[in-house]
There are 2 protein chains.
Amino acid sequence: MARTQDQRRAETRARLIDAAADLFARKGFHAVSAEAVAEAAGRTTGALYNHFGGKEGLLLALLEVWKDQTAAELLAGFEDVIVLDERLAALFEVLTRDDGDRGASWLLLEMELWLHGARDPEIGEPLARRYAGIRARLAEGLADWADTAGVPLRRSPERTATAVLGLLIGCAVQHRLDPPAVETRAVVEGLRDLLGLPDGPPHDHHLSRLAPKGEHPCGSTC
Amino acid sequence: MARTQDQRRAETRARLIDAAADLFARKGFHAVSAEAVAEAAGRTTGALYNHFGGKEGLLLALLEVWKDQTAAELLAGFEDVIVLDERLAALFEVLTRDDGDRGASWLLLEMELWLHGARDPEIGEPLARRYAGIRARLAEGLADWADTAGVPLRRSPERTATAVLGLLIGCAVQHRLDPPAVETRAVVEGLRDLLGLPDGPPHDHHLSRLAPKGEHPCGSTC
DNA sequence: GTCTATAAAAGGATAGAC
DNA sequence: GTCTATCCTTTTATAGAC
């Protein structure tokens, strides 16, 4: 197989961005040297500067990739049909899981980017568009759900999405510092409030079964 | 007036912490040199190292001061009596106001500290205690309010407080990147959901008047 | 206690070889 | 395109004067 130059170039680019995502998330942008990123990617600073023009450019490129990648992942649970306690819980756990792999640092890198974006419009603008996109997709999902489940939203899909995303982020932030203080159940209950659902059962998940499309998910107990 | 050495020392300490709060919030911890902080405080690095042993120590000391200072400010609106739309709105605006002074950078410094705390337990532990304290006071305030207003909370004061704080933080984060996308009204409505209140009036604030203690704040329209 | 001066290290960025 | 070698700047941290 004859690798073209383009392929090689693309791989270097990908490796650098990958390494940057990992290191920036774990240690923070300023705490990581350009050389450290290059080394982790199995390349040198020369390649890094050739591709991105510097550390800042690398951050920007990282954001662009990050943009679509995680939005899809986060919203996978909502794209479908019925909002269940488990689905809401899973949504939150995407933000808070602390396994060894990249999931661990999702929130960290997200906040790292946010912090830069809040200070530098060049980062802030694309980041704002990213959040807007997430909200839009979430709003769409929520509207569909409300339609399907027959539970009218308490307000516009857009406002509901903003609040839902806000609650998720804010609870994840608290959770990271003190996991036991933010039970998943508390978050799910809050999300139910925002969606205009009554309380679920106190300690089990009987309401969480899937319901056939068009039917109300909770039978008559909701 | 004869200044004692202790007074002078205390002032230097205060000036350094003050300057650090300002600079760390505006530019980020790593982007600010120890010398820059010292200069902004009208001192030199010698004094800084004498007091705090380095930049890291300064950050830690800053956190300790920050700890009580802003919790009180944030919760001032809740300590009192009735939860009104205006009070809820004011609560959010404490987090998002962007005037020239320190209020502008409150959220930035908060996230700056959070990011360090998420990576370094030495920062994370006191920070976690700080958040726990805020939640506890907020929970107390909410319980009192529910009692006074005769509106039972949908769940325990602790869980309610966690969700309320989460929604505030998460919405403030979104707001910072894209203010028009997060209307104050949307946040207030979300908070009302969490507190188990019905929707307020669509576009005015007739329900927001103060009510005498012990009476239901909204008369019969709530 | 605070300042001045400086040592020692690290990081960002570039030039030229291959 | 990528690597090696290097320059220049900034930063941390300390030692000693006052």
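Numbered from 1 within each chain, the chains take letters A, B, ... in sequence-line order.
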For B:F29, which residues count as a ring pair (Phe, Tyr, Trp, His ring centres under 6.0 Å) partner, sequence neighbours excluded?
B:F24, B:H116
Can you name the residues that form a side chain to side chain contact (heavy atoms under 4.5 Å, CB included) with B:A31, not counting sequence neighbours?
A:H30, B:K27
Residue list, side chain to side chain contact (heavy atoms under 4.5 Å, CB included) with A:T160, at least two apart or on another chain:
A:L142, A:L153, A:R155, A:V164, A:L195
With sequence neighbours excluded, tell me which residues meet side chain to side chain contact (heavy atoms under 4.5 Å, CB included) with B:D120.
B:E56, B:E122, B:I123
Detail all sub-3.5 Å separations between protein N/O atoms and N/O atoms belonging to nucleotides 10-15 of chain D.
unit_1, atom_1, unit_2, atom_2, d
D:dT12, OP1, B:K55, NZ, 2.9
D:dT12, OP2, B:A34, N, 2.9
D:dA13, OP2, B:Y49, OH, 3.0

Side-chain (A:S156) to main-chain (A:R159) donor-acceptor, under 3.5 angstrom
yes
Tell me: CD of A:E39 to P of D:dT4, nearest whole Å?
11 Å
When you list every nucleotide of DNA chain C with an atom under 4.0 Å from a heavy atom of chain A, which one comes first 5' to 3', and which comes last?
C:dG11 to C:dT14
What side chain to side chain donor-acceptor pair (under 3.5 Å) pairs are there with at least one residue in residues 38-47 of chain A, not counting sequence neighbours?
A:T12-A:R43
I'd like to check the side chain to side chain contact (heavy atoms under 4.5 Å, CB included) partners of B:A136; sequence neighbours left out, ordered by chain and number.
none
Test: side chain to side chain donor-acceptor pair (under 3.5 Å). Region: residues 123-133 of chain A. Which pairs qualify, not counting sequence neighbours?
A:T70-A:R130, A:E110-A:R130, A:E110-A:Y131
Can you list every pair that meets salt bridge (Lys or Arg N to Asp or Glu O under 4.0 Å) and has a residue in residues 161-170 of chain B, with sequence neighbours left out?
none
Pairwise ring-ring contact (aromatic ring centres under 6.0 Å, His included) hits with a residue in residues 32-51 of chain A, at least two apart
none
Just the dot-bracket of DNA chain C, please: which string comes out with Watson-Crick or G-U pairs under 3.5 Å, [ ] for crossing, | for another strand?
||||||||||||||||||
